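Since the structure comes first, as structure tokens, the remarks are kept for the end.
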Amino acid sequence: MLQLPYLREHKEDAIAGLKKRNNLNATETVESLIAMDDERKRLQSELDTRLARANQIAREIGEMFKSGKAAEANALKEETAAIKEESKELESKLAETENSIRDMLYTLPNVPCYMIPFGTGPDENVVAEEHGTIPKLHSGAMPHWDLAKKYDIIDFELGVKVTGAGFPFYKGKGARLQRALINFFLERATTAGYTEYQAPLMVNEASGIGTGQLPDKEGQMYYMPADDYYMIPTAEVPITNIFRDTIQKAEDLPIKACGYTPCFRREAGSYGKDVRGLNRLHQFDKVEIVQIVHPDVSYDVLEEMRNHVTSLLKELELPYRVLQLCGGDMGFASAYTYDMEVFSAAQEKWLEVSSTSNFETFQSNRLKLRFKDGDSKPRLAHTLNGSALALPRILASLLENHQTPEGIRIPKVLVPYCGFEMID
RNA sequence: GGAGACUUGUCCGAGUGGUUUAAGGAGCAAGCCUGGAAAGUUUGUAUACGGGUAACUGUAUCGAGGGUUCGAAUCCCUCAGUCUCCGCCA
């Protein structure tokens with residue numbers, strides 16, 4: 001959520017930035033927010049005047065009762081009736097104005113960093129880095145969904161029977177490989193200084209609001225009405241919300257946290273070959289890394305996180321590229337996003353396996369996540385997160401790229417984690 | 001799921017309608033004291049939104065939200081959470 005003082009002081013920058021997101025009427029929105037905020041201030045100070053008077057009267061009445069002047073006290077009481085009525089009216093107008101401001105701010109996306117290019121969609125993302133060579137597959141090479149069947153390591157039909165489409169079973173070496181990947185990713189994250197958490201897989205509404213999934217995008221999350229909980233779409237939600245409503249000490253920054261969780265996404269309306277096999281699931285596994293940092297260093301930290309993610313891909317011997325997303329393709333809360341994609345050799349396409357973003361103060365403002373340097377005023381921290389990594393597409397790419405006529409070769413780095421060298 | 005007790009500031013803790021503008025203590029910070037430190041002592045020590053160049057000042061916040069009252073940490077209602085006991089349970 002953007003901050004009103006920021007919108008006031010950097011109005012032109014904010015509007016220009018929002019326009020990078022194809023935001024049709026950024027100017028109008030920002031102008032009307034500022035006007036509503038002026039109104040809010042006016043109402044607030046009028047209300048404060050009334051309340052100050054009412055408090056004063058209450059104190060005077062107290063004194064009078066004490067000194068036995070009950071009659072005078074009763075006379076004073078009459079004055080309060082009018083004040084109360086005015087206060088009530090001002091209060092409800094104020095609440096109304098505050099709600100309108102809040103609703104508008106909730107639906108307003110983050111202002112992209114000044115370095116972010118214009119662009120209306122995925123085609124205009126910028127390739128920031130490419131690494132590795134695309135493997136030449138032997139004749140008879142298969143896409144991962146056929147490999148999964150051939151080696152009996154993933155069962156999509158069984159998932160449909162037990163739950164529904166998008167909830168596969170991993171089986172035998174498939175399951176062990178998943179577990180190996182999770183352990184490998186967690187091991188690398190904790191070595192890099194991230195504290196590991198095992199988080200709840202359901203969150204309450206306040207947490208969904210804190211990281212920006214609510215109130216706008218409840219459609220992407222599974223919802224449990226009996227208890228008013230949401231299944232997490234990413235570990236970012238519980239892990240970042242650990243720090244909601246806190247004031248950190250500057251010397252404790254950066255805070256680095258990571259966690260493995262299954263992730264649940266409804267992804268309504270998806271279909272076709274883009275969602276075939278492991279390409280898009282309703283439940284998938286992911287290791288997430290999160291940092292809470294001082295605003296001065298957040299862009300250095302973003303590069304650090306990018307390097308962390310790409311080093312994993314190198315170790316897994318997967319060809320990858322890093323995209324710098326353009327304004328039109330960036331997520332709602334992000335100021336700057338890198339997407340990491342691996343090449344899936346049999347499908348012959350790039351698959352997104354990580355999205356690593358700097359949210360600047362957009363999340364921390366919603367979360368009320370601040371830090372304090374000595375006696376200075378609390379300031380909003382910057383938050384960042386990244387997938388490190390999402391499993392299914394890594395698995396798809398591993399299976400397809402490393403397939404041989406003899407079986408699927410496990411990258412060396414994973415062998416100690418899964419305990420076998422080939423799936424055959 | 002049932003019954004009861006409870007939730008106060010950074011922490012502990014007092015407070016059942018009006019000098020509570022939240023006692024007292026601990027911690028922390030600064031000053032004094034000291035050769036230096038400890039002890040002692042004094043002062044300060046929350047957050048949000050306003051007004052003011054500033055000193056300062058107004059309002060709100062005692063788990064959350066509502067209500068009663070001229071006035072609520074205190075009384076009433078709803079909800080959440082913690083603890084104890086009972087029931088059920090991996």
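We name chains A, B, ... by the order of the sequence lines, and we start the count at 1 in each one. The shown structure was predicted, so the numbers you read here are calculated from the model rather than taken from an experiment.
The pairing partner recorded for B:C89 is none, the criterion being a Watson-Crick or G-U wobble arrangement whose two distances lie under 3.5 angstrom. B:A46 is paired with B:U61 under the Watson-Crick or G-U wobble criterion, all donor-acceptor distances under 3.5 Å. With a cut-off of 3.5 Å on both pairing distances, B:A72 has no Watson-Crick or G-U wobble partner at all. Across all strands shown, B:U84 is found opposite B:A3 as a Watson-Crick or G-U wobble partner, with both distances under 3.5 Å. Pair check for B:U53 finds none; no Watson-Crick or G-U wobble contact set falls under 3.5 Å. Base pairing annotation: B:U16 forms no Watson-Crick or G-U wobble pair, as no partner gives both donor-acceptor distances under 3.5 Å. In this structure B:G40 sits in a base pair with B:C32, meeting the Watson-Crick or G-U test at under 3.5 Å. Pairing for B:C11 is with B:G25, a Watson-Crick or G-U wobble pair whose two hydrogen-bonding atom distances lie under 3.5 Å.
The side chain of A:L51 lies closest to B:A60, out of B:C49, B:G58, B:A60. Nearest to the side chain of A:A58, among B:U59, B:G50, B:C70, sits B:C70. Checked against B:U59, B:G18, B:U69, the side chain of A:N55 finds its nearest nucleotide in B:U59. Among the nucleotides B:C70, B:G51, B:U47, the one closest to the side chain of A:K41 is B:G51.
Separating the CG atom of A:D227 from the P atom of B:C79 is a distance of 15 Å, rounded to the nearest angstrom. Nucleotide B:G81 holds its P atom 12 Å from the CG atom of A:D228, rounded to whole Å. Between A:D48 atom CG and B:U61 atom P the separation is 12 Å, expressed in whole Å. For A:K377 and B:A48, the NZ to C1' distance is 8 Å, given to the nearest whole Å. For A:I57 and B:G58, the CD1 to P distance is 16 Å, given to the nearest whole Å. The distance from atom NZ of A:K372 to atom P of B:A29 is 14 Å, rounded to the nearest whole Å. Spacing between atom CG of A:L90 and atom C1' of B:C49 amounts to 15 Å, rounded to whole angstrom units. Rounded to whole Å, atom C1' of B:C49 lies 16 Å from atom CZ of A:R42.
Side-chain atoms of A:N241 come within 3.5 Å of backbone atoms of A:V237 as a donor-acceptor pair (strictly under, hydrogens ignored). Distance alone, capped at 3.5 Å, is enough to place a donor-acceptor pair between the A:H282 side chain and the A:R265 backbone. Judged by distance alone, the side chain of A:T246 and the main-chain N or O of A:Q248 form no donor-acceptor pair under 3.5 Å. With hydrogens and angles ignored, the 3.5 Å screen pairs no side-chain donor or acceptor of A:S357 with any backbone N or O of A:S334.
Taking only side-chain nitrogens and oxygens, A:R53 never comes nearer than 4.0 Å to OP1 or OP2 of B:G58. For B:A48, the OP1/OP2 oxygens have no side-chain nitrogen or oxygen of A:K368 closer than 4.0 Å. At B:G71, one or more side-chain N or O atoms of A:K84 fall inside 4.0 Å of OP1 or OP2 (strictly under the cut-off). One finds a side-chain N or O of A:R370 lying less than 4.0 angstrom from the OP1 or OP2 phosphate oxygen of B:A48.
Rounded to whole Å, the C1' atom of B:G58 lies 11 Å from the corresponding atom of B:G52. To the nearest whole angstrom, the two P atoms, one in B:A23 and one in B:U45, are 12 Å apart. One C1' atom belongs to B:U82, the other to B:A29, and the distance between them is 33 Å to the nearest Å. Atom name C1', nucleotides B:C77 and B:G13: the rounded distance is 29 Å, in whole Å. Atom C1' of B:U53 sits at a distance of 23 Å from the matching atom of B:U59, rounded to the whole Å. For the C1' atoms, the distance from B:C28 to B:U10 is 8 Å, rounded to whole Å. Taking atom C1' in both B:U74 and B:A22, one finds a spacing of 12 Å when rounded to whole Å.
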| field | Test log, rule salt bridge (Lys or Arg N to Asp or Glu O under 4.0 Å), inputs A:K93 and A:E98 | value | CA-CA 9 Å; A:K93 276 192 195 160; A:E98 284 174 339; over 6 Å; no
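Remark: A:Q3 CD is packed, more than 12 non-hydrogen atoms of other residues, nucleotides or ligands lying under 6.0 Å away.
Remark: A:R306 engages A:E303 in a salt bridge, criterion side-chain N to carboxylate O under 4.0 Å.
When heavy atoms are screened at a 4.0 angstrom cut-off, A:K249 is found touching no nucleic acid atom at all. Note on A:R59: nothing from the nucleic acid sits closer than 4.0 angstrom, heavy atoms only. Among the protein residues, A:I61 comes within range of the nucleic acid bases, having at least one heavy atom under 4.0 Å from a base atom.
Of all non-hydrogen atoms in A:V287 and A:F185, the two that sit nearest each other are CG2-CB, 3.7 Å.
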